[in-house]
Colleague: 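Take this structure, written in structure tokens, and hold onto it; I'll ask about it next.
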Amino acid sequence: MPELPDVDGFRRVLAEHAAGREVRATVVHDREMLRNRSPQGLGRALRGRPFREPERRGKWLFAPIGDVVLLMHFGMTGLLAWERSDAEPHRHDRIVFRCRGGELRYRNMRRFGGIWVARDEEEAAAVTGRLGPDAAGLNRKAFQELLEHRRGGIKAALMDQRLIAGLGNLLVDEILWTARVHPERQVGSLDRKRRDALFDALRSTLRRSIPTGRVPPRRGWLTGVRDQRDARCPRCNTGLRRTTVAGRPTRWCPRCQRAPR
DNA sequence: TCAGTTGTTTATAT
DNA sequence: AATATAAACAACTG
């Protein structure tokens, strides 16, 4: 699930249900997912303290509580759920924050990502690494500026969290398809018009994904057909290609997204 | 049995 | 210093 829109949905879960509530107990079902504290250390830092307003930075969720910030990353299959205290435990619930009237559950099937504790911004930065500006707050000028100084392939550039934070494989394929840019195009070969089209696609894709809490697999979107066996382009009905670009499985339309020269 | 999967890190090469 | 590529991590699903 987790790219920027998904993580923003998890932020809303925390903000709407857990913020302002005291943590009564923490339950660590999977020690390895708690990356830089012991289960006891987590309990000591959190017990009796209320969650405050969470913040999303790229694909990271920052959850301040007490004197620390919880840093959550969701890998490819993580999520955050608010559930009643008596709800059935889920097989992939890894870390649970029990509050009065419900509990926040960090669930993660594949176990990439995890939860870190940071005492200040410096410790947080050491965990997240350097992040570029958040994709959701980027303006056209800043976007153009970033691409000015970038070499190499456009797909790799858009997915690089140090350049722009928050875009993942699905979003980038959707954005490239919307802007009619071939995923292997070199950044330097894109003219102003193409870069503007990329920015427009980035903004419109995010605007419609964030409220949904995911890249919506709706009709008319690449994401709506990308997993089909003989997927066709929703715009021109040409058979989609599947290739590997920047190390990731990539879907694109050979007619809408012309190959680089 | 085997390929494929929404993310990152590491090693290695260019 | 940047960028590219492959493999590894893990746990499934089809």
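Lettering of chains follows the sequences in order, A, B, ..., and the numbering in each one begins at 1.
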Colleague: For the side chain of Arg91(A), counting heavy atoms from C-beta on, which of dA11(C), dT5(B), dC12(C) is nearest?
Modeller: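 Nucleotide nearest to Arg91(A)'s side chain: dC12(C).
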Colleague: Figure out the CD/P separation between Gln161(A) and dT3(C), and round it to whole Å.
Modeller: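 Result: 15 Å.
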Colleague: Counting the atoms with a prime plus P, OP1 and OP2 as sugar-phosphate, which does Gly75(A) contact under 4.0 Å by heavy atoms, base, sugar-phosphate, or nothing?
Modeller: sugar-phosphate
Colleague: Could you tell me whether Arg226(A) contacts a base, only the sugar-phosphate backbone, or nothing, with contacts defined as non-hydrogen atoms closer than 4.0 Å?
Modeller: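 Touches sugar-phosphate only.
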Colleague: Looking only at side-chain N and O atoms, does Asn169(A) offer a donor or acceptor that is under 3.5 Å from a partner on Glu3(A)?
Modeller: no
Colleague: Is the distance from OP1 or OP2 of dT6(B) to the nearest side-chain N or O of Lys59(A) less than 4.0 Å?
Modeller: no
Colleague: Report the nucleotide, chosen from dT8(B), dA11(C), dA2(C), that has the shortest atom-to-atom distance to any side-chain atom of Met109(A).
Modeller: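 Of dT8(B), dA11(C), dA2(C), dA11(C) is nearest to the side chain of Met109(A).
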Colleague: Between P on dT3(C) and NZ on Lys155(A), what's the gap in Å once rounded to a whole number?
Modeller: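 Lys155(A) atom NZ is separated from dT3(C) atom P by 18 Å.
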Colleague: Any chance you could lay out the side chain to side chain contact (heavy atoms under 4.5 Å, CB included) test for Trp252(A) and His182(A), step after step, and finish with the verdict?
Modeller: CA-CA 7 Å; Trp252(A) 52 280; His182(A) 189 287; 3.5 Å; yes
Colleague: Leu222(A) CG to dT6(B) C1': how many Å, rounded?
Modeller: 13 Å
Colleague: Using only modelled atom types and a 3.5 angstrom limit, is any donor from either the side chain of Arg110(A) or the base of dT5(B) paired with an acceptor on the other?
Modeller: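 Answer is yes: a donor-acceptor pair is held.
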Colleague: Strictly below 4.0 Å: does Arg111(A) bring a side-chain N or O up to OP1 or OP2 of dA11(C)?
Modeller: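 For dA11(C), OP1/OP2 do have a side-chain N/O of Arg111(A) under 4.0 Å.
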Colleague: Indicate, with a heavy-atom threshold strictly under 4.0 Å, whether Gly78(A) touches base, sugar-phosphate, or nothing.
Modeller: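 Touches nothing.
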Colleague: Using a 4.0 Å heavy-atom cut-off, does Arg150(A) contact any base of the nucleic acid, only the sugar-phosphate backbone, or nothing at all?
Modeller: sugar-phosphate
Colleague: Please report, rounded to the nearest Å, how far the C1' atom of dA8(C) is from the CE atom of Met76(A).
Modeller: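 Value for this atom pair: 13 Å.
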Colleague: Check the phosphate of dA2(C) against His149(A), side-chain N and O only, distance under 4.0 Å to OP1 or OP2. Yes or no?
Modeller: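 His149(A) to dA2(C) OP1/OP2: no side-chain N or O under 4.0 Å.
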Colleague: I'd like to know if Arg84(A) pairs up with Asp86(A) as an ion pair, taking the criterion as any Lys NZ or Arg NE/NH1/NH2 lying under 4.0 Å from an Asp or Glu carboxylate oxygen.
Modeller: yes
Colleague: For Val127(A) and Pro2(A), find the nucleotide of DNA chain B closest to each by heavy atoms; which residue's nucleotide sits nearer the 5' end?
Modeller: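 Result of the comparison: Pro2(A).
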Colleague: When we call it a touch if two heavy atoms are under 4.0 Å apart, what does Ala156(A) touch: a base, just sugar-phosphate, or nothing?
Modeller: sugar-phosphate
Colleague: Is Phe112(A) stacked on the base of dT8(B), meaning ring centres closer than 5.5 Å and planes within 30 degrees of each other?
Modeller: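 The ring of Phe112(A) is not stacked on dT8(B).
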Colleague: Between atom CE in Met33(A) and atom P in dA11(C), what is the gap in whole Å?
Modeller: 9 Å
Colleague: Can you tell me how far P of dT8(B) sits from NE2 of His73(A), to the nearest Å?
Modeller: 4 Å
Colleague: Touch check for Arg229(A), heavy atoms < 4.0 angstrom, all strands: base, sugar-phosphate only, or nothing?
Modeller: nothing
Colleague: If pairing requires Watson-Crick or G-U wobble contacts with both distances under 3.5 Å, which nucleotide is the partner of dT6(B)?
Modeller: none
Colleague: Could you label the plane-to-plane angle of the Trp82(A) and His17(A) rings as parallel, tilted or perpendicular, counting under 30° as parallel and over 60° as perpendicular?
Modeller: parallel
Colleague: For the side chain of Arg248(A), starting at C-beta, report the closest nucleotide among dC12(C), dT8(B), dT3(C).
Modeller: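 Looking only at side-chain atoms, Arg248(A) lies closest to dT8(B).
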Colleague: Looking at Arg119(A) and Asp67(A), is there a salt bridge between them, counting it only when a charged N and a carboxylate O are closer than 4.0 Å?
Modeller: no
Colleague: Determine the contact category for Arg251(A): base if any of its heavy atoms lies under 4.0 Å from a base atom, sugar-phosphate if only primed atoms, P, OP1 or OP2 are that close, otherwise nothing.
Modeller: sugar-phosphate
Colleague: Would you mind reading off the distance between Gln228(A) atom CD and dG4(B) atom P, rounded to a whole angstrom?
Modeller: 18 Å
Colleague: Against Asp173(A), only a single residue in Arg248(A), Lys155(A), Arg241(A) fulfils salt bridge (Lys or Arg N to Asp or Glu O under 4.0 Å); can you say which?
Modeller: Lys155(A)
Colleague: Nearest whole angstrom, please: distance from the C1' of dT8(B) to the CZ of Arg162(A).
Modeller: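 Value for this atom pair: 11 Å.
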